[in-house]
Amino acid sequence: MTAYVSDFLRVLDERGFIHQGTNLEGLDARAAKETITGYIGFDATARSLHAGGLIQIMLLYWLQQTGHRPIALMGGGTTKVGDPTGKDAQRALLTDAEIDANIASIKGVFSKFLTFGDGPRDAVIVNNDAWLSRLGYVEFLRDYGVHFTINRMLTFDSVKLRLDRESPMTFLEFNYMLMQAYDFHELHNRHDCVLQLGGSDQWGNIVNGVELCRRKDGAEVFGVTTPLLTTASGKKMGKTETGAVWLNADMLPAYDYWQYWRNTEDADVEKMLALFTTLPMDEVRRLGALQGAEINDAKKILATEATALLHGREAAQSAARTAQETFEKGALGGDLPTIDLMADEIAAGASMIDQFLAAGLVASKGEARRHIKAGALKVNDEPVREERPLASGDIVDGAVKLSIGKKKHAILRVS
């Protein structure tokens with residue numbers, strides 16, 4: 001571990017955020033003596049960010065917590081092109097209205113982690129459409145294209161991997177790295193921004209921006225990337241068997257978010273505590289060292305602390321209580337996903353499989369039938385042995401508990 005003098009890099013290093021950097025010594029010295037401004041770009045390809053992008057938000061969080069100014073750059077302009085990084089095919093192009101709607105939906109998450117305002121360390125949200133959509137094509141090529149060589153661009157992973165797989169890459173996508181470099185140049189001039197942060201897959205794009213600021217502005221700016229984050233079993237962060245782990249509460253309830261962290265693999269607990277909670281590192285190491293059944297206590301703390309950052313302490317504690325009631329006491333926790341059904345519909349022979357579909361526990365009737373064969377589909381914690389309608393005897397205290405395996409549950413409220 002490097003002995004950094006700035007609180008910023010010392011915290012990032014201790015918690016495992018640093019993978020690569022351009023002149024980390026110079027950045028360290030500058031961050032130790034003055035307030036710096038740094039940014040991360042977020043393209044608006046969906047209505048919500050997901051947990052895979054949470055590490056970037058935590059970077060901005062620690063940037064501000066250690067006395068510096070974060071910029072959340074919304075990619076209103078770059079989303080029109082689509083980042084080719086890690087993709088075998090071009091992303092679906094969105095309309096301006098779709099991009100604007102996605103940005104409006106995404107913005108609220110940042111206020112959970114950052115303090116916004118007009119002070120020297122207060123965070124700001126900026127949209128790169130403000131300058132990218134106003135660029136003249138010929139002028140941009142003349143003034144900025146001369147600073148990029150095709151030879152160099154072909155060596156960057158975002159291009160090289162696509163070509164190695166013989167997947168087509170459009171000229172539109174090829175321009176993405178120029179646009180991202182130009183973002184850094186604009187933010188440096190508009191906001192005195194000297195640092196770009198991002199994932200390791202963005203290293204080439206970040207280096208381009210650092211070099212463009214040096215050539216066009218005569219300025220030394222810096223880049224830092226985080227390591228590629230996968231689980232101990234090799235799964236991509238932020239994805240589950242049922243889909244993305246969204247950060248917007250209207251797309252994923254606090255309880256389901258809590259469960260995502262509760263289900264962290266044993267080998268990942270310390271890493272996730274360091275990256276996605278604000279617990280002191282001494283406590284992180286203590287919890288990460290727990291063995292056997294005690295590691296489950298660490299997972300619950302991870303789930304509650306991570307959920308509290310996004311959804312608030314009250315929602316996190318409520319999710320923890322619901323999980324305890326559901327898994328440890330066998331009760332029907334109040335924060336589980338719920339659906340409603342009339343009693344006379346059950347009396348008329350309502351399909352049990354249809355209720356599992358409505359609750360989002362299965363994606364199709366075929367999937368439900370496979371779970372029945374495997375003994376994984378349960379009503380009130382009892383395995384269902386054959387496809388059947390719901391019965392009045394399934395109702396306990398006005399509700400029916402639906403489960404797939406040990407970890408996916410929903411409540412059917414009967415009225």
Side-chain angles (χ1 to χ4, degrees), residues 1-4 6-21 24 40 42 49-66 70 86 109 112-113 197-203 223-241 243-247 252 254 256-311 316 319-320 323 407:
M1 187 175 295
T2 305
Y4 293 110
S6 67
D7 288 342
F8 173 55
L9 285 185
R10 188 165 59 248
V11 168
L12 292 197
D13 189 39
E14 184 179 31
R15 302 187 82 95
F17 283 96
I18 298 177
H19 177 60
Q20 292 170 295
L24 288 174
I40 299 177
F42 300 87
L49 301 175
H50 61 72
L54 187 60
I55 191 171
Q56 309 306 328
I57 299 177
M58 293 303 296
L59 278 175
L60 295 180
Y61 170 85
W62 287 116
L63 180 67
Q64 187 170 52
Q65 292 299 309
T66 53
V109 166
K112 308 291 180 65
F113 296 85
L197 301 154
S200 59
D201 59 346
Q202 295 296 318
W203 176 246
V224 174
T225 65
T226 57
L228 176 66
L229 192 59
T230 57
T231 66
S233 60
K235 294 181 180 178
K236 191 172 183 180
M237 175 71 185
K239 300 284 188 180
T240 69
E241 293 178 359
V245 181
W246 300 110
L247 301 186
L252 188 77
D256 291 334
Y257 189 74
W258 189 95
Q259 278 294 330
Y260 169 72
W261 295 105
R262 169 63 181 83
N263 294 330
T264 296
E265 296 177 38
D266 291 1
D268 289 329
V269 170
E270 183 172 337
K271 176 173 68 175
M272 298 305 181
L273 282 164
L275 293 173
F276 299 111
T277 79
T278 60
L279 291 174
M281 283 304 297
D282 286 347
E283 179 67 359
V284 167
R285 285 186 280 266
R286 184 190 72 81
L287 292 169
L290 296 176
Q291 299 292 323
E294 287 186 329
I295 196 67
N296 289 320
D297 294 330
K299 292 181 184 181
K300 293 172 188 175
I301 292 172
L302 165 63
T304 300
E305 293 300 316
T307 304
L309 282 174
L310 179 63
H311 293 285
K407 298 178 180 179

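- Looking at heavy atoms from C-beta onward, Leu287 lies out of side-chain contact with Ile295 at the 4.5 angstrom threshold.
- Nearest heavy-atom pair across Ala254 and Ala319 is O-CB, 4.3 Å.
- Proximity of a side-chain donor or acceptor of Lys299 to a complementary backbone N or O of Arg262 within less than 3.5 Å is not detected.
- Rounded to the nearest 0.5 Å, atoms CZ (Phe8) and CD (Gln65) are 12.0 Å apart.
- If you take CD1 on Ile18 and OG1 on Thr225, they are separated by 9.5 Å, rounding to the nearest 0.5 Å.
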Would Arg15 and Trp62 satisfy side-chain contact (heavy atoms from CB on, under 4.5 Å), going step by step from the backbone distance to the final call?
CA-CA 10 Å; Arg15 302 187 82 95; Trp62 287 116; 3.7 Å; yes

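- Between Gln20 atom CD and Trp203 atom CH2 the span is 5.0 Å, to the nearest 0.5 Å.
- Residue pairs meeting the side-chain hydrogen bond (donor to acceptor under 3.5 Å, both in side chains) criterion with at least one member in residues 273-282, sequence neighbours excluded, are Asp282-Arg285.
- Glu270 contributes atom CD, which lies 13.0 Å from atom OG1 of Thr264 (distance to the nearest 0.5 angstrom).
- No donor-acceptor pair closer than 3.5 Å links the side chain of Asp256 to the backbone N or O of Leu252.
- In summary, of the residues considered (Leu24, Val11, Leu12), a side chain to side chain contact (heavy atoms under 4.5 Å, CB included) with Tyr4 occurs for Leu24 alone.
- To the nearest 0.5 Å, atoms CG (Asp297) and NZ (Lys300) are separated by 5.5 Å.
- Remark: side-chain polar atoms of Thr66 are paired, donor with acceptor, to backbone N or O of Leu63 under 3.5 angstrom.
- Evaluation of the side chain to side chain contact (heavy atoms under 4.5 Å, CB included) rule for Gln56 yields Ile40, Phe42, Leu59, Thr226 as partners, not counting sequence neighbours.
- Taking every heavy atom of both residues into account, Pro227 and His19 meet most closely at N-CB, 3.4 Å.
- Taking the six-membered ring where the residue is Trp, the centroids of Trp261 and Phe276 are separated by under 6.0 Å.
- You'll find the side chain of Leu275 reaches within 4.5 Å of the side chain of Lys271, heavy atoms only.
- For the side chain to side chain contact (heavy atoms under 4.5 Å, CB included) test with Trp258, the passing option among Thr307, Asn263, Leu302 is Thr307; the others fail.
- With sequence neighbours excluded, the residues forming a side chain to side chain contact (heavy atoms under 4.5 Å, CB included) with Thr231 are Ser233, Lys235, Glu265, Asp268, listed by chain and number.
- Between Leu309 and Met58, some side-chain heavy-atom pair lies under the 4.5 Å cut-off.
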Please lay out, stage by stage, how Leu310 and Leu247 fare under the test side-chain contact (heavy atoms from CB on, under 4.5 Å).
CA-CA 8 Å; Leu310 179 63; Leu247 301 186; 4.0 Å; yes

